[in-house]
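Below is one structure, written out as structure tokens; comments come after it.
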Amino acid sequence: MEKNPIKITFIPKRRPFIKNATSRLRALYLIDHLQKLFPNKYIANLDDPENADIIVVNQSASQENLIKILDQKKKRKVFLIYDVVGRQYDDARESFNQVAQQADLITVANETQKARIEELKLGKPCCILNDGIDYVEQLNPSLSPFNGKVVWFGNHQLGNLESAMWAIDYISAQPKYSIGVIGNKEIKLDNVELIEWKYEGFINNLKRYSLCFLSHDSLEKQKSNNRLLVTIANGIPTIVSNSAAYSELLRKFKLDYAIVENENELQKALSILSDEEQRQKYLSEIQPYILENYNYNAVAKKFDQILNLYYLKGI
């Protein structure tokens, strides 16, 4: 007798979904690829806790959604996954605890976040479900030719932009280079090309640049490497600073020179990555690795493995 598909619903905090990286990476893309890869095994959707076998809360739950989830858990056997993204355990501990206490499983994006969750001693299993490559349908892996233009992109809040300002200021003062920022239209900077972020056509805008600089705020140690995955997957060598997730990936491929903490190190990295042969060398091993291991078919398969281990064995 054929089993009915397992119904999974994702409830992301960040909306509108397509305009928020967390919602895209941890919900929208997973829904799409789970159903493509496992059409007879899963039915996946958004915001439907009343009909789900598995509920995935991404980042945090509103009180309205929490009430719905608790009501479903009282009525029937429903499996709750708390997908922890930010530092809710520091910034909004009460609401974090409300979801964590009800969760059957906690998922996180990397080892740093997993270690922090385990420090909290919640008594819940915790496993890693890595982010994948964002802007999946816009992928363009060709190496961007060098033109002296460097880019920073992302959410300007949470210290992302502030932590990069020392490098943005330095690059903007160099005659051989220019710097651009793709982000919220509220950003105001001098001597910087500003492009308003839009999902549609984002990769085309990104590939106008030949280099990228990325960093994280020192308090945001749990951040994933998703922005670095995007740039390298799309053929843009990237220099990073102050990020465990970025540094770990670059060191894996002996690209330590692209991890910088001051202007001298930044200048050296810029000089190396102005050479076309070095640019090709940068991408030669790391890009195929990312394309193979961080595409959303691979992420969806990892999620399926997690469900087989923690959900299917219990039913």
Query raised in the report: Is any side-chain heavy atom of Trp197 less than 4.5 Å from a side-chain heavy atom of Asn184?
Result: no
Query raised in the report: Which one of Asp131, Asp32, Asp134 satisfies the salt bridge (Lys or Arg N to Asp or Glu O under 4.0 Å) criterion with Arg24?
Result: Asp134
**Report entry** Asn308 and Lys41 side chains, donor-acceptor separation under 3.5 Å
**Finding:** yes
Report task. Before giving the answer on side-chain contact (heavy atoms from CB on, under 4.5 Å), spell out for Leu228 and Val240 the whole-Å C-alpha distance, their side-chain angles and the decisive distance to 0.1 Å. Result -> CA-CA 9 Å; Leu228 183 62; Val240 306; 4.1 Å; yes
Query raised in the report: Quick one: are Tyr257 and Glu265 in side-chain contact, heavy atoms under 4.5 Å?
Result: no
Query - Basic-acidic side-chain contact under 4.0 Å: Lys124, Asp104 - result: no
Report summary line: For Ile195 and Asn205, the nearest pair of non-hydrogen atoms, with its separation, is CG2-ND2, 4.0 Å
Query raised in the report: Under the 3.5 angstrom rule, does the side chain of Asn147 hit a backbone N or O of Arg208 as a donor-acceptor pair?
Result: yes
Query raised in the report: Judged by atom type as modelled, is there a donor-acceptor pair below 3.5 Å linking the side chain of Ser144 to the main-chain atoms of Ile236?
Result: no
Query raised in the report: Do Asn130 and Asn110 come within less than 4.5 Å of each other through their side chains, counting heavy atoms only?
Result: no
**Report entry** Rounded distance (nearest 0.5 Å) linking atom OH of Tyr170 with atom CG of Leu266
**Finding:** 6.5 Å
Query - Spacing of OG belonging to Ser284 relative to CZ belonging to Phe253, to within rounding of 0.5 Å - result: 9.5 Å
Requested in this report: Output every pair passing side chain to side chain donor-acceptor pair (under 3.5 Å) with a member in residues 271-282, not counting sequence neighbours, ordered by first then second residue.
Outcome: Tyr177-Ser274, Gln267-Ser271
Query raised in the report: Charged N to carboxylate O below 4.0 Å: is that the case for Asp47 and Arg15?
Result: yes
Query raised in the report: Counting distance only, does the side-chain N/O of Thr107 pair as donor-acceptor with the main-chain N or O of Cys127 below 3.5 Å?
Result: no
Requested in this report: Without swapping roles, check the side chain of Ser95 against the backbone of Arg93 for a donor-acceptor pair under 3.5 Å.
Outcome: no
Query raised in the report: With a 4.0 Å cut-off, would you call Lys254 and Glu285 a salt bridge?
Result: no
Report task. Report the residue from Gln222, Glu119, Gln113, Arg116 that forms a side chain to side chain donor-acceptor pair (under 3.5 Å) with Tyr89. Result -> Gln113
Report task. Measure across Asp53 and Pro5 and return the closest heavy-atom pair with its distance rounded to 0.1 Å. Result -> OD2-O, 4.1 Å
Query - side-chain contact (heavy atoms from CB on, under 4.5 Å) assessment of Asn191 paired with Ile179 - result: CA-CA 8 Å; Asn191 302 317; Ile179 182 80; over 6 Å; no
Query raised in the report: Is any NZ, NE, NH1 or NH2 atom of the basic residue among Glu50 and Lys7 found under 4.0 Å from an Asp or Glu carboxylate oxygen of the other?
Result: no
Report task. With rounding to the nearest 0.5 Å, note down the distance linking NZ in Lys75 to CG in Leu70. Result -> 12.0 Å
Query raised in the report: Taking side chain as C-beta onward, heavy atoms only, is Val84 less than 4.5 Å from Gln59?
Result: no
Report summary line: Tightest non-hydrogen contact, residues Ala269 and Val260, listed as CB-CG1, 4.1 Å
Requested in this report: Determine whether Leu270 and Ile232 fall in the same hydrophobic cluster, where Ile, Leu, Val, Met, Phe, Trp and Tyr are linked whenever their side-chain heavy atoms lie under 4.5 Å apart.
Outcome: yes
Query - Donor-acceptor contact below 3.5 Å, side chain Tyr311 vs main chain Phe79 - result: no
**Report entry** Residue pair Ile81 / Tyr310, side-chain heavy-atom distance below 4.5 Å
**Finding:** no
Report summary line: Between Gln88 and Ser60 the two heavy atoms that sit nearest each other are CG-CB, 4.3 Å
Query raised in the report: So, for Leu273 and Ile239, which heavy atoms are closest and what is the spacing to 0.1 Å?
Result: CD1-CG1, 4.0 Å
Report task. Look at the side-chain heavy atoms of Ile, Leu, Val, Met, Phe, Trp and Tyr, link any pair under 4.5 Å apart, and say whether Ile8 and Leu80 land in one connected group. Result -> no
Query raised in the report: Are a donor atom and an acceptor atom from the side chains of Glu193 and Tyr209 found within less than 3.5 Å of each other?
Result: yes
Report task. To the nearest 0.5 angstrom, please state how far the CD1 atom of Ile133 sits from the CG atom of Asn226. Result -> 11.0 Å
Query raised in the report: If only atom types and distance count, is the side chain of Tyr296 paired as donor or acceptor with the main-chain N or O of Leu34 below 3.5 Å?
Result: no
Query - Heavy-atom neighbours of Glu162 CD exceed 12 at 6.0 Å - result: no
Query raised in the report: With no hydrogens and no angle check, is any side-chain donor or acceptor of Lys13 less than 3.5 Å from a backbone partner on Ser62?
Result: no
Query raised in the report: Any chain of hydrophobic side-chain contacts (each under 4.5 Å) joining Phe303 to Ile43?
Result: no
Report task. Please check if the distance between the ring centroids of Phe96 and Tyr82 is under 6.0 Å. Result -> yes
Query raised in the report: Under 3.5 Å, is there a donor-acceptor pair linking the side chains of Glu200 and Gln138?
Result: no
Report task. For Asn242 and Ser163, test the side chains for any donor-to-acceptor distance below 3.5 angstrom and give the result as yes or no. Result -> no
**Report entry** Side-chain (Ser247) to main-chain (Ala244) donor-acceptor, under 3.5 angstrom
**Finding:** no
Requested in this report: Flag yes if Ile18 and Ile203 sit in one hydrophobic cluster, no otherwise; membership is Ile, Leu, Val, Met, Phe, Trp, Tyr, and two members link when side-chain heavy atoms are under 4.5 Å apart.
Outcome: yes
Query - Short side-chain donor-acceptor distance under 3.5 Å, Asn58 and Asp83 - result: yes
Query raised in the report: Where the side chain of Asn295 meets the backbone of Glu292, is there a donor-acceptor pair that is under 3.5 Å apart?
Result: yes
Query raised in the report: Under 3.5 Å, is there a donor-acceptor pair linking the side chains of Ser210 and Lys149?
Result: no
Requested in this report: Tell me, with the steps shown, if Gln63 and Gln98 meet side-chain contact (heavy atoms from CB on, under 4.5 Å).
Outcome: CA-CA 10 Å; Gln63 284 301 309; Gln98 286 179 322; 2.9 Å; yes
Query raised in the report: Should the pair Arg251 and Tyr246 be classed as cation-pi, given the thresholds of under 6.0 Å to the six-membered ring centre and 45° from the axis?
Result: no
Query - Gln157: side chain to side chain contact (heavy atoms under 4.5 Å, CB included) partners, not counting sequence neighbours - result: Asn155
Query raised in the report: Distance only, no hydrogens: is a donor on one side chain within 3.5 Å (strictly under) of an acceptor on the other, for Thr238 and Thr231?
Result: yes
Requested in this report: Give the intermediate values and the outcome of side-chain contact (heavy atoms from CB on, under 4.5 Å) for residues Leu206 and Asn204.
Outcome: CA-CA 5 Å; Leu206 192 69; Asn204 284 339; over 6 Å; no
Query raised in the report: Can you tell me if CD on Glu64 sees more than 12 non-hydrogen neighbours from other groups inside 6.0 Å?
Result: no
Query raised in the report: Quick one: does Leu28's side chain get under 4.5 Å of Phe10's, heavy atoms only?
Result: no
Query raised in the report: How many angstroms lie between CD1 in Ile69 and NZ in Lys74, if you round to the nearest 0.5 Å?
Result: 13.0 Å
Requested in this report: Kindly indicate whether the side chain of Ile168, heavy atoms from C-beta on, has any atom under 4.5 Å from the side chain of Val181.
Outcome: yes
**Report entry** Common cluster, Leu158/Val85, ILVMFWY with side-chain heavy-atom separation under 4.5 Å
**Finding:** no
Query raised in the report: Do any N or O atoms from the side chain of Asn234 and from the backbone of Asn140 form a donor-acceptor pair under 3.5 angstrom?
Result: yes
Requested in this report: Look up atom CD1 in Ile286 and atom CG in Leu249, then write down how far apart they are to the nearest 0.5 Å.
Outcome: 4.0 Å
Report summary line: Between Ala109 and Ile128, the two heavy atoms sitting closest are O-CG2, 3.6 Å
Report task. Would you check if Ile306 and Leu105 make a side-chain contact, meaning some heavy-atom pair closer than 4.5 Å? Result -> yes
